[in-house]
Amino acid sequence: MEVIRVKVNDVELHVEKGTTLGEVFRSIKIDKAVGAKAGSRIIDLLTPIREDLEVTPIFKEDPESLDIMRHTLSHIMAQALKELYGYKKVHLGVGPTTEEGFYYDVEVEGHTISSEDLPAIERKMREIVERNYPLFRKELEREEAIGYFTELGEKYKVEIINRIEEGEVISLYGQNGFTDLCRGPHVPSTGMVGEFRLTHVAGAYWLGDSKRPMLQRIYGVAFWDKEELEERLRFYEEAKKRDHRRLGRELELFLIEEEVGAGLVLWLPKGAMLRKTLEDYWKEEHIKRGYQLVYTPHVGNARLWQTSGHLDYYRPNMFSPMEVEQEEYFVKPMNCPFHIAVYKSKLRSYKDLPLKLAELGTVYRYEMSGVLHGLMRVRGFTQDDAHIICTPEQVEGVIHETLEFAVSMLKDFGFEDFRVYISTRPADAIGSQEQWELAEGSLKKAVEKIGIDYEIDQGGGAFYGPKIDVKIRDAIGRLWQCSTIQFDFNLPERFDMEYVGQDNKRHRPYMIHRAIFGSLERFVGILLEHYAGLLPLWLSPVQVRLIPISPEKHGGYALEVENHLKNRNIRVERDMREERLNARIRDAELQKVPYILVFGDKELESKTLSVRSKKEGNLGSMTLEAFTSLLLERISRRE
RNA sequence: GCCGGCGUAGCUCAGAGGCAGAGCGAGGCACUCGUAAUGCCUAGGUCGUGGGUUCAAGUCCCACCGCCGGCUCCA
């Protein structure tokens, strides 16, 4: 008998090789553990130990426990499917855990699972949980495993086995007549899982490859605690309420219509006002920071796109060309070539650099119909684009300044929590080693200097340069990709961009693409979801609504007030409808107008205003001057 | 693009082979009103588009378009 040493917390034990952690824990009276961790490795209680090990038990309270339990739930779901539709009819793909639950990709012969089937599957799962089957684990040799799963008709599992690397253990887990190829970890019995709910079913390609068959992915959410599960389900409800597509229609901000075209946005008057506010703010901030605004056309000659390389590399995403006087023109999918043309309009000296060209540039890209989504993913959108052309010596400062700019701007919109990702050199990169090192180094330094944590996406950069992506966290915790700062070693070469250095010689400049909002459409979508439609005062398309109780009697006074406010650039709307006061108040509230002023005899007589705030309720009466300065102050503070 | 679901009045939806409906919104009339829906009347539809099955098609079948949930894609 071979003995190995297992250290559990501070207790050291000597056990027979091949003993499972479950047995070890039982011997020292740890009975509530769902698994254990050895360093960063998670080991379940069913796995035999074959070498000396130091472990800490994982209990339900530990974050790692969720994953173990959710993984078992995906197996329970697989078994439920097999019991419902027949063991030979259900072919299993993969069934991993997610951040909030689990899913399983399956193929059911002769049946397509729809959301109507979910309650029955869930019921069957609960039965399996109820029966509390112990899980077992076994290991097979490759050939055995292939034979076993071939026998079961599990073609996808056989494929996975063939992809498992030589020397790696092939493990199977199962319970009561159900066996699945699985790396684990799992809880020891089906009764040990938490609260769960199946949420939806969707298509998913086998191995994520669009050329392979499409399986059905059944999603579930799971938590230990019922309250936590319900909170998550409420989160979905909340997200649904915040859906910018709904808000966009209800608040009359924008329209996307079949008749106009899929993925093409019409900005309605209120949405246009919101957009104008964003644009004005954006332009002012850019001018303050030394950017120069440019305007460039919507179409460009095919030769331009040939030089830029877009026709060779980006063509599938471009709209079809049009012919004008025997020449082809393309609608622009990007602004860069135009900005480069601006740069090249004269000979540039190092003294002109960094040159920062900015434009709210509307671009058109062909996106597959299935990916279009409200304002978030469209076919025509306006990038808040800029290109910074600089010398190698300036790179670091430029990147730092740009990132700082992006963060400060996003903060002005009420976003406080940022995630930063740096994508580094991929295998097929162009550009020299020095270029990449300088660029990547300056990206890291900039992020560190600003003091935001970042993650590295190793090899995730574009072939033409590394980049920083900034994601913002919204009010209900979702992350949205916004800003990008992207190096480009490609276009300066292709367009033969130059500057004259201090040495009186020609040099190749560095070029950086960057966007802060990403696109105006998408950013407005994010704002709407972040604020659940209740935009800050400074962004609200209508800031004040005036309601004369009797339009006839009090409308004149309301008009006076309207003019006063309008002269101070406050956005006002007067509701002159012959409706009841309550109805008009309700309407203004539903339209999420920040301030409502009611005019009646009292106000007319005392020349005051009755102010009702969306956020604070009825503020009572105040003078026009007091209200105006209150409003102007709040607007200037970007409240 | 792929898998699944869904397209009925401006909006939200009911109708599932046999007379095209409701609420909100819109227009009209009355009410003259103090902080989240006054009442009555009226108009509004090639039931996404095109084809097919049937005596008869929103309803069944096929194709296309669009939307939704995902997948894939996003140099």
Side-chain angles (χ1 to χ4, degrees), chain A residues 93 103 105-107 111-117 199-219 236 240 243 245-246 249-250 252 255-264 308-318 333-334 336 365-374 376-377 423 426 428-430 461-465 467 481 484 486 488 490-491 513 518 545 547-554 577-593 596-603 610-614 617-621:
Chain A
Y103 66 78
D105 285 350
V106 299
E107 179 181 88
H111 181 75
T112 41
I113 310 263
S114 75
S115 48
E116 279 147 36
D117 298 320
T199 51
H200 59 288
V201 56
Y205 292 112
W206 170 235
L207 299 175
D209 182 347
S210 58
K211 290 179 196 66
R212 312 293 297 260
M214 182 159 272
L215 309 185
Q216 286 190 284
R217 179 168 294 177
I218 307 172
Y219 285 90
Y236 286 132
K240 220 192 252 175
D243 192 320
R245 293 167 297 187
R246 220 180 70 141
R249 190 174 47 240
E250 286 172 2
E252 296 180 14
L255 187 69
I256 300 174
E257 259 220 308
E258 187 177 341
E259 201 188 344
V260 174
L264 301 173
S308 69
H310 286 94
L311 288 186
D312 291 331
Y313 297 101
Y314 205 71
R315 182 78 185 253
N317 288 296
M318 293 168 72
M334 295 188 190
C336 339
R365 297 180 186 176
Y366 167 71
E367 300 281 0
M368 286 189 289
S369 57
V371 305
L372 300 175
H373 177 91
M376 302 297 189
R377 196 72 185 270
S423 301
D428 60 348
I430 60 153
F463 74 86
Y464 52 83
K467 63 171 175 174
Q481 156 86 50
T484 303
Q486 166 85 62
D488 194 325
N490 185 38
L491 293 180
H513 310 258
R545 183 169 291 182
I547 306 181
I549 292 176
S550 158
E552 199 187 330
K553 259 165 70 186
H554 314 119
R577 289 175 304 164
E578 296 277 352
E579 288 288 340
R580 286 199 156 37
L581 175 62
N582 277 349
R584 283 183 289 163
I585 300 248
R586 177 182 146 85
D587 200 54
E589 289 285 344
L590 289 176
Q591 285 292 305
K592 303 186 198 292
V593 177
I596 300 171
L597 301 183
V598 175
F599 298 83
D601 289 338
K602 247 180 355 192
E603 287 71 29
S610 167
V611 183
R612 175 178 163 133
S613 145
K614 175 81 188 153
N618 208 326
L619 298 183
S621 70

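The sequence lines fix the lettering, A, B, ..., with proteins before strands; numbering per chain opens at 1.
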Just how far, in rounded Å, is [atom2] of [N] from [atom1] of [X]?
| X | N | atom1 | atom2 | answer |
| --- | --- | --- | --- | --- |
| A:Tyr219 | B:rC3 | OH | C1' | 12 Å |
| A:Ile585 | B:rU38 | CD1 | C1' | 16 Å |
| A:Ile256 | B:rG7 | CD1 | P | 21 Å |
| A:Met214 | B:rG4 | CE | P | 9 Å |
| A:Arg584 | B:rU32 | CZ | P | 15 Å |
| A:His200 | B:rC3 | NE2 | C1' | 13 Å |
| A:Arg586 | B:rG34 | CZ | P | 18 Å |

Between [X] and [Y], which heavy-atom pair has the shortest distance, and what is it?
| X | Y | value |
| --- | --- | --- |
| A:Ile549 | A:Arg584 | O-NH2, 2.9 Å |
| A:Pro316 | A:Tyr366 | O-CD2, 3.4 Å |
| A:Tyr219 | A:Ala202 | CE1-CB, 4.3 Å |
| A:Lys614 | A:Val593 | CB-O, 3.6 Å |

With a 3.5 angstrom cut-off on both distances, give the Watson-Crick or G-U wobble partner of [N], or none if there isn't one.
| N | result |
| --- | --- |
| B:rA57 | none |
| B:rG21 | B:rC13 |
| B:rC29 | B:rG39 |
| B:rA63 | B:rU49 |
| B:rC71 | B:rG1 |
| B:rG34 | none |

Checking all strands, does [X] fall into the base, sugar-phosphate, or nothing category for heavy-atom contacts under 4.0 angstrom?
| X | answer |
| --- | --- |
| A:Ala204 | sugar-phosphate |
| A:Asn582 | sugar-phosphate |
| A:Glu603 | base |
| A:Lys553 | nothing |
| A:Asp601 | base |
| A:Leu215 | nothing |

Problem set entry | A:Gln216 side-chain proximity, nearest of B:rU38, B:rC33, B:rC3 |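 Nearest to the side chain of A:Gln216 among the choices is B:rC3.
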
For this session: Output the single nucleotide from B:rG34, B:rA36, B:rC68 whose closest atom is nearest the side chain of A:Arg245.
Result: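 Minimum distance to the A:Arg245 side chain belongs to B:rC68.
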
Problem set entry | For A:Arg246, all residues meeting salt bridge (Lys or Arg N to Asp or Glu O under 4.0 Å), sequence neighbours excluded |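 For A:Arg246, the residues satisfying salt bridge (Lys or Arg N to Asp or Glu O under 4.0 Å) (neighbours in sequence not counted) are A:Glu250.
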
Give me the distances for all protein-to-nucleotides 11-16 of chain B N/O pairs that come in under 3.5 Å?
{"residue": "B:rC11", "atom": "O3'", "partner": "A:Arg249", "partner atom": "NE", "Å": "3.4"}
{"residue": "B:rU12", "atom": "OP1", "partner": "A:Arg249", "partner atom": "NH2", "Å": "3.0"}

Restricting both atoms to N or O, compile the protein contacts to nucleotides 72-75 of chain B shorter than 3.5 Å, with distance only.
{"residue": "B:rC73", "atom": "O2", "partner": "A:Arg377", "partner atom": "NH2", "Å": "3.3"}
{"residue": "B:rA75", "atom": "N6", "partner": "A:His310", "partner atom": "NE2", "Å": "2.6"}

Exercise. Sub-3.5 Å donor-acceptor pair from the side chain of A:Arg377 to the main-chain atoms of A:Val371, do we have one?
Worked result: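 Here the side-chain-to-backbone pair does not exist.
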
Problem set entry | Side-chain donor or acceptor of A:Asp117 paired with backbone N/O of A:Ser114 under 3.5 Å |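 Pair found, side chain donor or acceptor close to backbone of A:Ser114.
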
Problem set entry | Distance test, side-chain N/O of A:His373 to OP1/OP2 of B:rC67, below 4.0 Å |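 Looking at the OP1 and OP2 atoms of B:rC67, neither is under 4.0 Å from any side-chain N or O of A:His373.
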
For this session: With syn defined as a glycosidic angle within 90° of 0 and anti as everything else, classify B:rA16.
Result: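 Syn, since the glycosidic angle lies within 90° of 0.
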
Problem set entry | Syn/anti state of B:rG5 by chi, 90° boundary around 0 |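 With its glycosidic angle more than 90° from zero, B:rG5 counts as anti.
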
Problem set entry | Distance, P atom - from B:rA57 to B:rG18, rounded to whole angstrom |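 Comparing P positions in B:rG18 and B:rA57 gives a spacing of 11 Å.
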
Exercise. Is the number of heavy atoms from other residues, nucleotides or ligands under 6.0 Å of A:Tyr236 OH greater than 12?
Worked result: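 Enclosed.
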
Exercise. Is there a donor and acceptor pair closer than 3.5 Å between the side chain of A:Arg612 and the base of B:rA36?
Worked result: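 Yes, the side chain and the base share a sub-3.5 Å donor-acceptor pair.
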
Exercise. Side chains of A:Met334 and A:Tyr314: closer than 4.5 Å at any heavy-atom pair?
Worked result: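 A side-chain contact under 4.5 Å exists here.
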
Exercise. Does the side chain of A:Phe599 come within less than 4.5 Å of A:Lys553's, by heavy atoms?
Worked result: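 Of all side-chain heavy-atom pairs linking A:Phe599 with A:Lys553, none is under 4.5 Å.
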
